[in-house]
Number of protein chains: 2
Amino acid sequence: MTVSRVLRNRGDVSEATREKVLNAARNLGYVPNKIAGALASQRVNLVAVIIPSLSNMVYPEVMTGISAMLEDTGLQPVVGVTHYQPDREEAVLYEMLSWRPSGVILAGLEHSDAARAMLSNAGIPIVEIMDVDGQPVDSVVGISHRRAGLKMAEAILAAGYRRIGFLGTMMPYDHRARKRMEGLQEGLARAGIVLADQEFYSGGSALLKGREMTETILARSPDLDFLYYSNDMIGAGGLLYCLDKGIDVPGQLGLAGFNGVELLDGLPRQLATMDACRAEIGRIAAEIIAGKRPGMAGGRVIGGEQVELTPKLQPGDTIRRAG
Amino acid sequence: MTVSRVLRNRGDVSEATREKVLNAARNLGYVPNKIAGALASQRVNLVAVIIPSLSNMVYPEVMTGISAMLEDTGLQPVVGVTHYQPDREEAVLYEMLSWRPSGVILAGLEHSDAARAMLSNAGIPIVEIMDVDGQPVDSVVGISHRRAGLKMAEAILAAGYRRIGFLGTMMPYDHRARKRMEGLQEGLARAGIVLADQEFYSGGSALLKGREMTETILARSPDLDFLYYSNDMIGAGGLLYCLDKGIDVPGQLGLAGFNGVELLDGLPRQLATMDACRAEIGRIAAEIIAGKRPGMAGGRVIGGEQVELTPKLQPGDTIRRAG
DNA sequence: TTGAAAGCGCTAACAC
DNA sequence: GTGTTAGCGCTTTCAA
């Protein structure tokens, strides 16, 4: 039918007919059925985005980058949440793939075998985001959390701290926090230093947990001179705790978090952190799906792209000036 | 085909055939095509959720409530974000309706005429959430922001404050913040008091903005004795500012925010706030879509449901004890 | 318990 | 520039 052509601004249609159709559509309150359209054309303007959580702030920011980039490509992101559970990830992925999206963006490089198999067989661009320490299925955009931890270790040591504690989530599937801790340990090991203590939490208000954990770890290991938190929210809690207690930060005790969340800007003191390049990651991932990356003239390359971003250390004022 | 029956656990199929089909499916890495399925069955297991923003924390929490409830109904939420722009809302709604979802959950009661028309004609359950002050299209679940503001006015006056300032977003389309301010003004008016000053912001780190706005409004109106913030994040910023400056809270200056975000638990002092019942709203909205509300034995009632929740005042310790 | 056939509402290819 | 036709991959209905 000509109607189809008008509604999609396709092919040659006379202005008159066009107007007529548009009017009729408006008056009838006609909403096209994309299900039928997709079935007929074998094309779906949806991009599956699979992330572990929406309450982490990091992911909403990645989403923002994705949405912004996708805005004028005609593609629409569809979000699925896994709650850091591999089996949920598998289920969500299956569900989404059954709608035949144009591409998949998903967090992390660790997936169940079944999920990997689905991704490999999907025949659409797959972009794994956030992390580059591992074997991607197709494309990957992220930072090396291992190197981030290592870099932080160097900064800590350069500033003269020696008794370092790590505070983070207990979640067994937060692979990126784990890699940062491993990177930190490796960096310390190079200087012959061992992580002095560690403390984990799960659930609850991150800010409050940060306070509690800080109190706990300092009670247990009063000689610690640096605390590395796995995220900025618990780090901010720790900072507020130290200020309350009159602990000399960064003289007596140094602090650092991770992510570079904008929340930190309003704190009484600026927590040291490392920017995880969240919006940037989202933007690039979306570009890859949309086939908009420079150097890829339309046709997709087999094997995918590997983009490693470099997180910048933001020393803030909770870490002593080196030297 | 029999295959279809197996994959949907439908009708009578012999165990033998069933096994055979399941095996074949697994080996081929078969993922059913829901597009075709949906077209044939005229049923789609998707629920459209349309919200203004993901960075507001409030909406991710509503999402959590929705997801949790939908978990075992076979329905899947699909998120669309409007950035508080009516035309974006209209576009997102159009896009989503064209996938023929089983229901729509969307924030607020204010929509463009076109959007209203689409909603009315969609022939599926519509649930407007967050706010009950207005005319719903179908069902509605939320709180009265006007009454929330009014109740806050009463609490403020009862505690003896008289020179009240309001601080909020400049966004012209944040109708709920506007209604809270109007409620506040109405409550003050009953005691013959007029809002002493107000200050608005847009964009940026809410915590930081809260600090800046507080400084600005106090510089302009040093005699204010209470500040009512349109959300907890800017309120928290204001609280941190006051503590920095050594302002006596709540003696000299009372503070209150809105939402009851869990972040507040980690602050040095507990900001007074009012719980917006976010997860609860999400849960009930999802129940309505899933047809799970008690008293609705399957068949949906024309006209929809109206659920008004009552926000609780959490006085914290930034408001003087009354009397 | 299984197979065959029709058709969901569109798009693509081709004829007019 | 416009109409016609044959599917897209399923579900549904009905017959075997």
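In what follows, every heavy atom counts, from backbone to side chain, and hydrogens, waters and symmetry copies are set aside. Keep in mind that this is a model prediction, so the values were computed, not measured. By convention in this document, chain letters (A, B, ...) are assigned in the order of the sequence lines, proteins followed by strands, and residues within each chain are numbered from 1.
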Query raised in the report: Within less than 4.0 Å of OP1 or OP2 of dG9(D), is there a side-chain N or O belonging to Gln42(A)?
Result: yes
Query - Atom-pair distance (NZ on Lys34(A); C1' on dC8(D)), nearest Å - result: 17 Å
Query raised in the report: Does the distance from a Lys or Arg side-chain N to an Asp or Glu carboxylate O, for Asp133(B) and Arg178(B), drop under 4.0 Å?
Result: no
Report task. Specify the separation, in whole Å, of atom CG of Leu39(B) and atom P of dT12(D). Result -> 12 Å
Query raised in the report: Between dC10(D), dA12(C), dT11(C), which nucleotide has the shortest distance from any of its atoms to the side chain of Ala40(B)?
Result: dC10(D)
**Report entry** Side-chain donor-acceptor pair present, His145(B), Arg180(B), cut-off under 3.5 Å
**Finding:** yes
Query raised in the report: Under 4.0 Å between a side-chain N or O of Ser4(A) and OP1 or OP2 of dT11(C)?
Result: yes
Query raised in the report: Phosphate oxygens OP1/OP2 of dT12(D): is one of them under 4.0 Å from a side-chain N or O of Arg43(B)?
Result: yes
**Report entry** Polar side chain donor-acceptor pair, Asn259(A) to Glu61(A), under 3.5 angstrom
**Finding:** no
Report task. Taking only the side-chain nitrogens and oxygens of Ser41(A), find out if one of them lies under 4.0 Å from OP1 or OP2 of dC10(C). Result -> no
Query - Between dT11(D) (P) and Arg100(B) (CZ): distance, integer Å - result: 19 Å
Query raised in the report: Starting at CH2 of Trp99(B) and ending at P of dG9(C), how long is that distance when rounded to a whole Å?
Result: 15 Å
Query raised in the report: Any side-chain N or O of Tyr30(B) under 4.0 Å from OP1/OP2 of dG9(D)?
Result: no
Query - Euclidean distance, atom CG of residue Asn33(A) to atom C1' of dG7(C) [Å, nearest integer] - result: 14 Å
Query raised in the report: Is there a donor-acceptor contact under 3.5 Å from the side chain of Ser144(B) to the main chain of Val132(B)?
Result: no
Requested in this report: Could you tell me the separation between the CG atom of Asn45(A) and the C1' atom of dC10(C), rounded to a whole number of Å?
Outcome: 14 Å
**Report entry** For atom CD1 of Ile35(A) and atom P of dG9(C), their distance in whole Å
**Finding:** 10 Å
Report summary line: Rounded to whole Å, the NZ-P distance (Lys20(B) to dT1(C)) equals 15 Å
Query raised in the report: Which one, dC10(C), dT1(C), dC8(D), comes nearest to the side chain of Ala36(A)?
Result: dC10(C)
Query raised in the report: Nearest to the side chain of Thr17(B) - dT2(D), dT1(C), dG9(C)?
Result: dT1(C)
Report summary line: Looking only at heavy atoms, the pair that brings Thr73(B) and Met69(B) closest together is CG2-O, 3.7 Å
